[in-house]
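Step one of this worksheet: look at the structure below.
Numbered from 1 within each chain, the chains take letters A, B, ... in sequence-line order.
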Protein chains: 4
Amino acid sequence: MQFNNRSPIYLQIAQYVQELIIGSVWIEEERIPSVRDMAMQLEVNPNTVIRTYSMLQEEGILENQRGIGYFTAKGAKSLVLKKKRNHFIKSELPNLFESMRTLEISLEEIETYFLLFKKEHNYHEVQS
Amino acid sequence: MQFNNRSPIYLQIAQYVQELIIGSVWIEEERIPSVRDMAMQLEVNPNTVIRTYSMLQEEGILENQRGIGYFTAKGAKSLVLKKKRNHFIKSELPNLFESMRTLEISLEEIETYFLLFKKEHNYHEVQS
Amino acid sequence: MQFNNRSPIYLQIAQYVQELIIGSVWIEEERIPSVRDMAMQLEVNPNTVIRTYSMLQEEGILENQRGIGYFTAKGAKSLVLKKKRNHFIKSELPNLFESMRTLEISLEEIETYFLLFKKEHNYHEVQS
Amino acid sequence: MQFNNRSPIYLQIAQYVQELIIGSVWIEEERIPSVRDMAMQLEVNPNTVIRTYSMLQEEGILENQRGIGYFTAKGAKSLVLKKKRNHFIKSELPNLFESMRTLEISLEEIETYFLLFKKEHNYHEVQS
DNA sequence: GTGGTCTAGACCACC
DNA sequence: GTGGTCTAGACCACA
């Protein structure tokens, strides 16, 4: 995994972990890699992983069984989705709209870019 | 002006300055408040303002006349807009689309929120 | 290291750092002394060193790994050489020629001084 | 006259004044424009011109007759030339050679640029 | 341990 | 008056 310098590494790892949970790569209530393993795999200081894990634990996404290791919490996936959704609605969208206003960009333009993005990323909307 | 703890003060001031330029509160090629005045007004250390001003000078948004003071550069407004636009396209939009993908949110939903936002903020798109 | 009063200390340090890179005293992609160490060694305030380092980082000569320290960037040496070369051609040479014109000094005279300089400084041109 | 931001304005004016003297635009022992006139003409603060004049007076290039104005000193032209020549030999040339050494540039290359410069600036060496 | 930000205050060159 | 540099020292986030 590659890290950038724009945000703390422990947050980038948290992001990554949440993607694993959303993508069901990490199954709920199952044990996840130990701090050491994770640190080795990510080529990162163990303290950094500890920080990520304990932050996610505070948020109720991970759980810690002393002496055994970390586990994904029950309902972790939906919790992550809910938090992300909330953040999206409450923070990302307003910022977006604010930018659109100052830059005088219409939703139609956004759509153009969106189609482009979908093509480039081979992303087909799920029919719900 | 109020500062938050999410980013350095000098960057928040830079943001504020650019808004003043975009909003034509600071006219192009006109003198802007001296470092000391600005520092006093913002209740901040002069060094902090210097940092903001000289950063914006490097970006070509401000200019400096020795012993006289800082001025907004020629073409500052369009430069700021261009930079913001670029950041929007290159960074904000991809993030948005990424979130939409993981959260399975469609553009139609975005539109709903957008209409809501426009109503709440009394924002009517300019007809071009 | 001794500093003169003709230019800011942080620029003189930048000059010094670039010489270390050109001279391969600091190897590419290797860690360089921490801000505090450098400050101690140069008998200078850490803030001054920070200023130098972060300036060189913006120029792409140094890089920063969060919480670990500064490193010379990949390709730093050639970058520094390129910048110096550019400055030489664009700025130093025209100034030289301008002086030669007003002082009516010919290139032949320059050569005489050059031979003298090489003798005094034990400097033999590399045969390429 | 245009000023750049790389050196103090009063020095740039001094440079300009010395060129006028070398070029015999200002004749020796004749009165030169008053501080006010010069400041007006250059669109500059009178204090700045004062600084230039008094600096050149200290160097013996200008002279001041109280209540009348400034004059070019007797022998001003040759004095300026001597100082320039001295600075050239003692400072500019060594710097040039030092740069040539680190950048591994030969005198032959310099000559190429010199020919180019002469062509561009319509400059033909005086046969002495 | 690392760097980054901010403050208070001094001092300087310049206009 | 203007900005610019530097110091000393505090405090913080991060690895």
Side-chain angles (χ1 to χ4, degrees), chain A residues 3 5-14 35 39 42-52 55, chain B residues 3 5-13 31-39 42-55 57 62-71, chain C residues 3 5-14 31-39 42-57 62-71, chain D residues 3 5-14 35 39 42-52 55:
Chain A
F3 300 105
N5 259 329
R6 269 162 281 163
S7 71
I9 292 179
Y10 82 98
L11 285 183
Q12 296 184 50
I13 298 177
V35 168
L42 298 174
E43 294 177 323
V44 137
N45 190 305
N47 286 328
T48 310
V49 176
I50 290 178
R51 194 158 183 180
T52 302
M55 186 190 84
Chain B
F3 301 107
N5 282 322
R6 267 163 284 168
S7 72
I9 294 180
Y10 78 96
L11 287 182
Q12 295 183 51
I13 299 177
R31 184 155 181 269
I32 66 176
S34 79
V35 168
R36 286 158 169 76
D37 287 355
M38 199 63 173
L42 299 174
E43 294 177 321
V44 133
N45 189 294
N47 281 328
T48 307
V49 175
I50 285 183
R51 187 158 185 187
T52 301
Y53 278 10
S54 64
M55 189 190 85
Q57 181 186 25
L62 297 184
E63 276 171 4
N64 190 338
Q65 289 188 29
R66 301 178 78 99
I68 301 181
Y70 276 94
F71 295 69
Chain C
F3 300 107
N5 280 323
R6 268 163 284 168
S7 73
I9 293 180
Y10 78 96
L11 287 183
Q12 296 183 50
I13 298 178
R31 185 155 181 269
I32 67 176
S34 79
V35 169
R36 286 158 171 74
D37 287 355
M38 199 64 173
L42 299 175
E43 294 177 322
V44 133
N45 190 294
N47 281 328
T48 308
V49 175
I50 286 183
R51 188 159 186 186
T52 301
Y53 278 10
S54 65
M55 188 190 86
L56 292 175
Q57 181 185 25
L62 297 184
E63 277 171 3
N64 189 337
Q65 289 188 30
R66 299 178 79 98
I68 301 182
Y70 275 95
F71 296 69
Chain D
F3 301 104
N5 258 328
R6 270 162 281 165
S7 70
I9 293 180
Y10 80 96
L11 285 184
Q12 297 184 51
I13 299 177
V35 168
L42 299 174
E43 294 176 324
V44 136
N45 190 306
N47 286 326
T48 309
V49 176
I50 289 177
R51 192 157 185 184
T52 302
M55 188 191 83

*Residue mapping more 5' on DNA chain E - nearest nucleotide basis, B:Ile9 or B:Ile68*: B:Ile9

*Counting any heavy atom closer than 4.0 Å, what does C:Arg51 reach on the DNA or RNA strands: base, sugar-phosphate only, or nothing?*
sugar-phosphate

*Taking OP1 and OP2 of E:dG3, is either one under 4.0 Å from a side-chain nitrogen or oxygen of C:Arg66?*
no

*Which whole-number value in Å describes the distance from A:Ile13 CD1 to F:dC14 P?*
13 Å

_Atom pair distance, as rounded to whole Å: CG in C:Asn47 and C1' in F:dG9_ = 9 Å

*If each of C:Gly67 and C:Pro46 is mapped to the nucleotide of DNA chain F with the nearest heavy atom, which maps nearer the 5' terminus, i.e. the 5' end?*
C:Pro46

_B:Arg6 CZ - E:dT5 P separation (whole Å)_ = 17 Å

*Nearest-Å distance, CG (C:Asn64) to P (F:dA15)?*
11 Å

*Mind listing the closest non-hydrogen atom pair of A:Tyr10 and A:Thr52 along with its distance?*
O-OG1, 2.9 Å

*C:Ile50 CD1 to F:dC12 P: how many Å, rounded?*
17 Å

*Between B:Gln65 and C:Thr48, which is nearer to the 5' end of DNA chain F once each is assigned its nearest nucleotide?*
B:Gln65

*Rounded to the nearest angstrom, tell me the gap between atom CD1 in C:Ile32 and atom P in E:dT2.*
12 Å

*Kindly give the heavy-atom pair with the smallest separation between D:Phe3 and D:Leu42, and that separation in Å.*
CE1-O, 3.8 Å

*Under 3.5 Å, side chain of D:Arg51 to main-chain N/O of D:Ile9, donor-acceptor pair present?*
no

_Out of E:dT7, F:dC6, F:dT2, whichever nucleotide has its closest atom nearest the side chain of B:Arg31_ = F:dT2

*Where do D:Ala14 and D:Met55 come nearest, in terms of heavy atoms and distance?*
CB-CE, 3.7 Å

_At 4.0 Å (heavy atoms only), tell me whether B:Arg36 reaches a base, stays on the sugar-phosphate, or touches nothing._
base

_At 4.0 Å (heavy atoms only), tell me whether C:Tyr70 reaches a base, stays on the sugar-phosphate, or touches nothing._
sugar-phosphate

_Quick one: does any side-chain atom of C:Arg36 pair with a main-chain N or O of C:Pro46 as donor and acceptor, under 3.5 Å?_
no

*Nucleotide E:dT7, atom P - distance to CG of C:Asn45 in whole Å*: 16 Å

*Does F:dC14 have a Watson-Crick or wobble partner in any strand here, with both distances under 3.5 angstrom, and which is it?*
E:dG1

*Whole-Å gap separating C1' (E:dC15) and CG (D:Asn5)*: 12 Å

*Tell me the partner of F:dC6, counting only Watson-Crick (N1-N3 plus N6-O4 or O6-N4) or G-U wobble (N1-O2 and O6-N3) with both under 3.5 Å; none if nothing fits.*
E:dG9

_Students often get this wrong, so: under 4.0 angstrom with heavy atoms, is C:Tyr10 touching a base, only sugar-phosphate, or nothing?_
sugar-phosphate

